[in-house]
Amino acid sequence: MDSAPLPDLEGLDRVALKALLIQHQEQLLSVAASHEIELLSLAASYQNELRSLQSELDSHLQTLSQQDEQLRSSSEQIEHLKLVIEKLRRRVFGVKSEKVVIQLEQLELHLEELESSQAEMEAAVERVRPAAEPKSRSRRKPLPEHLPREVVSHTLHGDSCPDCGGQLRQFGEDVSEQLEYIPDSFKVIRHVRPKFACSGCERVVEAPAPSRPIERGVAGPGLLAHVLVSKFADHLPLYRQSEIYSRQGVEIERSTLAGWVGGASELLTPLVDAIQKHVLAGAKLHADDTPMPVLAPGSGKTKTGRLWTYVRDDRPAGEDTAQGRASTAASEALQGRPASGRLCGVPSSLRRWRH
């Protein structure tokens, strides 16, 4: 508020002084009322924003609670399957061992799918709610010494301290190794980051660590792509891939491969969602229903599983309507209800939409 200059108070009589005080009091009350209205409006806006944030927080907490419950259930199934597999392995040389081997292989497949799905859920939970400390894992075996090493040095741009501008001197380096795959051979990429210390303030400086497809994972992008293609395109189960790598002198446990599949599935979720959006944007959606026998653990029998494939094809067709189970599935997909529940043992991000 712009205040008018005060008159000469010495020349005012009592009545004029009283009028002047009343005038200024009214101005102050008007300004206070205006500020009070602004504060009330601002408080109401903040309250609405807080209610909205609280609602989002409650939704996230509910989602995390559901994911935690799924993780616990998945962990229990994994432990149960491990016990069953160990029991069957002890019987493999007994009577009817051929049937036991077949059942064992089916259980191995089911176990690796559960482990992959669990790793995917853990990656999704960690992305929303990063853990204060990394999850404890079994001690990782060192990468084989016989594999060739490719050294990649990550150097700084410039030789001056970013804080004080002093001269940097190297006093050490951080070395981390990443397992990469070249068709028919492995190699280890060694990332070397020289450490520099400022001669003026002893500040330690080094290049940022390179990003990895899976946090704290040793698998490079080429190796991850090879594992996924071998599993889903070449139908090579993870335990068989583990045996193949072992023959090359690289010991990679099946559970480790399953974790890589789950992490890659989470990583590919944006691409899968983009494909889903593109497929559902078409005027027509084609669905293919392929039945296949799937082992029902614990019953000793198989049940009928169904593999659903959705394809967008806007080319002219002779029929206006399609009949049968696939037609119903396509209609459900267009309504936002894909038949993902009919797919057994495939991580959700890799199974929901195949184009």
Side-chain angles (χ1 to χ4, degrees), residues 60 63-64 66-67 70-71 74 109 112-130 178-183 189 209-238 241 252 256-290 305-315 326 329-330 332-355:
H60 283 305
T63 301
L64 289 174
Q66 294 174 353
Q67 290 176 336
Q70 292 176 357
L71 284 174
S74 178
L109 283 172
E112 71 183 37
E113 298 299 349
L114 283 176
E115 290 176 332
S116 298
S117 298
Q118 185 184 38
E120 179 186 358
M121 287 188 290
E122 288 176 350
V125 170
E126 187 174 352
R127 182 183 62 181
V128 178
R129 183 181 55 190
Q178 183 181 46
L179 186 63
E180 184 56 286
Y181 181 80
I182 299 175
I189 298 178
S211 62
R212 296 173 178 248
I214 298 178
E215 189 67 21
R216 299 185 298 275
V218 299
L223 178 57
L224 289 176
H226 174 74
V227 170
L228 293 175
V229 170
S230 296
K231 175 176 174 58
F232 293 107
D234 300 334
H235 309 290
L236 190 62
L238 297 182
Q241 292 190 50
I252 306 178
T256 301
L257 294 173
W260 293 353
V261 171
S265 177
E266 169 65 16
L267 196 65
L268 293 172
T269 297
L271 177 60
V272 175
D273 292 340
I275 294 175
Q276 171 186 343
K277 183 178 180 180
H278 170 74
V279 171
L280 294 183
K284 292 180 294 184
L285 183 64
H286 301 263
D288 178 70
D289 169 25
T290 304
R306 317 197 80 89
L307 179 64
W308 296 86
T309 304
Y310 298 94
V311 177
R312 170 180 173 173
D313 189 353
D314 296 329
R315 293 176 297 179
E332 292 178 354
L334 286 173
Q335 297 172 17
R337 296 183 287 115
S340 59
R342 302 184 178 94
L343 299 178
C344 301
V346 179
S348 58
S349 293
L350 297 178
R351 78 186 178 197
R352 287 180 293 176
W353 305 96
R354 300 189 60 189
H355 185 197

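Values below: every heavy atom of this structure, side chains too, minus hydrogens, waters and symmetry copies.
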Nearest-0.5 Å distance that lies between atom [atom1] in [X] and atom [atom2] in [Y]:
X: His235; Y: Ser230; atom1: NE2; atom2: OG; value: 11.5 Å
X: Leu267; Y: Glu215; atom1: CG; atom2: CD; value: 11.5 Å
X: Leu179; Y: Trp260; atom1: CG; atom2: CH2; value: 5.5 Å
X: Ser74; Y: Glu113; atom1: OG; atom2: CD; value: 11.5 Å

Quick one: closest heavy-atom pair of [X] and [Y], and the distance?
X: Lys284; Y: Asp314; answer: N-OD1, 3.8 Å
X: Ala258; Y: Ala119; answer: O-CB, 4.1 Å
X: Gln178; Y: Pro213; answer: NE2-CD, 3.9 Å
X: Gln241; Y: Val227; answer: NE2-O, 3.3 Å
X: Leu257; Y: Leu238; answer: CD1-O, 3.4 Å
X: Ala264; Y: Ile214; answer: N-CD1, 4.2 Å

Is there a side chain to side chain contact (heavy atoms under 4.5 Å, CB included) between Trp308 and Asp288 once you walk through the steps?
CA-CA 6 Å; Trp308 296 86; Asp288 178 70; over 6 Å; no
Using the side chain to side chain contact (heavy atoms under 4.5 Å, CB included) rule, take Lys231 and Val261 through it: C-alpha gap first, then chi angles, then the decisive distance, then the call. CA-CA 9 Å; Lys231 175 176 174 58; Val261 171; 4.2 Å; yes
Notebook entry, point to check: Given the rule in the side chain to side chain contact (heavy atoms under 4.5 Å, CB included) test, do Asp234 and Val229 qualify, once you have shown the distances and angles that lead to the verdict?
Noted result: CA-CA 6 Å; Asp234 300 334; Val229 170; 4.1 Å; yes
Quick one: does any side-chain atom of [X] pair with a main-chain N or O of [Y] as donor and acceptor, under 3.5 Å?
X: Thr269; Y: Glu266; value: yes
X: Arg212; Y: Gly217; value: yes
X: Glu180; Y: Gly222; value: yes

Could you walk me through whether Leu224 and Tyr181 pass side chain to side chain contact (heavy atoms under 4.5 Å, CB included), step by step?
-> CA-CA 8 Å; Leu224 289 176; Tyr181 181 80; over 6 Å; no
ask   = Can you find a pair of side-chain heavy atoms, one from Leu307 and one from Asp289, that are under 4.5 Å apart?
value =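 Leu307 does not reach Asp289 side chain to side chain.
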